[in-house]
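The next block holds one structure in the form of structure tokens; read it before the comments.
These numbers come from the heavy atoms of this one structure, side chains and all, not from hydrogens, waters or symmetry mates. Per chain, numbering begins at 1; letters A, B, ... match sequence-line order.
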There are 2 protein chains.
Amino acid sequence: MDKDIFTKLLRERGQRFTKERFVILQKALSYDGHFDPETLYLQIRKTGSKASRASVYRTLSVLRECGVIQQVAKTEHGTVYERTYGHRHHDHMLCVQCGDILEFYSEELEKIQENICKKQGFQGSSHTLEIRGYCKKCRKKKK
Amino acid sequence: MDKDIFTKLLRERGQRFTKERFVILQKALSYDGHFDPETLYLQIRKTGSKASRASVYRTLSVLRECGVIQQVAKTEHGTVYERTYGHRHHDHMLCVQCGDILEFYSEELEKIQENICKKQGFQGSSHTLEIRGYCKKCRKKKK
DNA sequence: ATTGTAATTGAGACTCATTCTCAATTATAA
DNA sequence: TTATAATTGAGAATGAGTCTCAATTACAAT
């Protein structure tokens, strides 16, 4: 994401562009998969750039509110994020036998969720759907 | 749940039946909806029974491993549980602001998931759907 | 470019859920 | 009843995340 776009995003929120925020943005977008605040913070330090832990947490909140990244889960080890930008949303099927994870996407499923949210006056920003069961291969093995 | 069944459950895990564990079990099963460890702990104290916070946390872990209760979510305000038995399946909306959890159920949603599984040759046995976002109240506050 | 001012930063104090420690207690098999 | 291994509880420790506030900085106005 470009400096100018980011600046504009911040402006709309009455916030200022700072080096720290930009460093954090870039690092957050650099991850293809999941990441957590602490890892991001440590990697920023390692690369010589500077941004405090406090700023990392503050900026990640901003980025989430802007829809640039999203919270994937809260685990025992903290919050997990992933970038939204340039990432197609998908859900997961998890085979409890072999541990295989299949990704899938259903427009229909997304639409229905939107409708449900609308009905309840809930503003959904992300979701996690995990279907657990047995994949094709393991079903055959069971027989 | 009965004392003997519980004892048996513990035995299978090489664990002992204790008053504390039983008090915690009973209290956990007494909630129709969601509950959290701290609330459960305080209510146990209030009713004159005794069980330390440490035991509450330890026992809730055991109960989750046994499938008696399940983790509904981890929020900024802690872990939320609900009992598994005698509970119709439903999905959750989690307000990332206030931590409120709304339950919902959609036949349509369930059907579509079945179809998706069928197409992929996947035998689904359970699923978790969590929609994260802002509830009605918090949406108003944001404005 | 300079200045005024409000936003931002960082270090570390703080909070709060949860886990750990370990001596005292207790369930259970022998 | 006894031996012993599991369990308990009080409070210390941990760790993610937030808060405080003085110093710094972005940026609009001049």
Side-chain angles (χ1 to χ4, degrees), chain A residues 3-4 6-25 27-28 34-45 48-66 69 71-81, chain B residues 3-4 6-25 27-28 34-45 48-66 69 71-81 94 96-99 101:
Chain A
K3 199 166 163 175
D4 294 335
F6 187 41
T7 305
K8 205 174 144 200
L9 261 179
L10 290 169
R11 274 287 160 69
E12 283 165 12
R13 298 165 49 88
Q15 293 183 302
R16 295 175 175 176
F17 176 91
T18 65
K19 311 171 215 53
E20 290 83 359
R21 281 180 178 154
F22 192 53
V23 166
I24 295 163
L25 168 75
K27 186 57 79 180
H34 300 156
F35 67 91
D36 63 276
E38 182 66 11
T39 306
L40 188 143
Y41 167 69
L42 292 175
Q43 293 202 346
I44 284 177
R45 304 221 91 193
S49 314
K50 73 181 238 309
S52 66
R53 229 180 289 261
S55 284
V56 166
Y57 278 101
R58 283 185 295 229
T59 302
L60 289 181
S61 287
V62 172
L63 292 179
R64 184 166 65 78
E65 282 163 25
C66 293
I69 61 175
Q71 246 186 46
V72 169
K74 279 201 152 265
T75 76
E76 353 294 314
H77 314 297
T79 304
V80 179
Y81 293 95
Chain B
K3 200 166 165 177
D4 293 336
F6 187 41
T7 305
K8 206 174 143 201
L9 261 177
L10 290 169
R11 273 286 159 70
E12 282 166 14
R13 298 166 51 90
Q15 294 184 301
R16 295 175 176 175
F17 176 91
T18 66
K19 311 171 214 53
E20 290 82 0
R21 281 180 178 155
F22 192 53
V23 166
I24 294 164
L25 167 75
K27 186 56 80 179
H34 301 152
F35 67 91
D36 63 276
E38 181 66 12
T39 305
L40 188 142
Y41 167 69
L42 291 175
Q43 294 201 346
I44 283 177
R45 304 222 90 193
S49 313
K50 75 182 234 308
S52 66
R53 228 181 292 258
S55 284
V56 166
Y57 279 100
R58 285 185 292 228
T59 302
L60 290 181
S61 287
V62 172
L63 293 179
R64 186 163 66 78
E65 282 163 27
C66 293
I69 60 175
Q71 245 187 47
V72 169
K74 277 200 152 269
T75 76
E76 350 296 313
H77 315 296
T79 303
V80 178
Y81 294 95
L94 168 64
V96 297
Q97 180 109 20
C98 67
I101 298 176

Report summary line: By nearest-heavy-atom nucleotide on DNA chain C, the more 5' of B:Glu38 and A:Ser52 is A:Ser52
Query raised in the report: Going by the angle between their ring planes, with limits at 30° and 60°, are B:Phe17 and B:Phe22 parallel, tilted or perpendicular?
Result: tilted
Query - Residue pair B:Lys27 / B:Ser49, side-chain heavy-atom distance below 4.5 Å - result: no
Query raised in the report: Quick one: B:Gln97 CD to D:dG17 P, roughly how many Å, whole number?
Result: 17 Å
Query - Pair A:Tyr41-A:Arg45, side-chain donor/acceptor within less than 3.5 Å - result: yes
Report summary line: Residue pair B:Lys19/B:Tyr57 against DNA chain C: nearer the 5' end by closest nucleotide is B:Tyr57
Query raised in the report: With a 4.0 Å cut-off on heavy atoms, is A:Arg53 in touch with a base, just the backbone sugar-phosphate, or nothing at all?
Result: nothing
Query raised in the report: Using a cut-off of 4.0 Å on non-hydrogen atoms, how would the nucleic acid contact of B:Arg58 be classed: base, sugar-phosphate, or nothing?
Result: base
Requested in this report: Please check the phosphate of C:dT18 (OP1 and OP2 only) for any side-chain N or O of B:Thr79 closer than 4.0 Å.
Outcome: yes
Query raised in the report: Under the 3.5 angstrom rule, does the side chain of B:Arg21 hit a backbone N or O of B:Arg16 as a donor-acceptor pair?
Result: yes
Which atom pairs link the protein and nucleotides 27-29 of chain D when you take only N or O atoms and keep those under 3.5 Å?
residue, atom, partner, partner atom, Å
D:dC27, OP1, A:Phe17, N, 3.4
D:dA28, OP1, A:Arg11, NH2, 3.3

Query raised in the report: Which listed nucleotide (D:dG17, C:dG10, C:dT18) is nearest to the side chain of B:Pro37?
Result: C:dT18
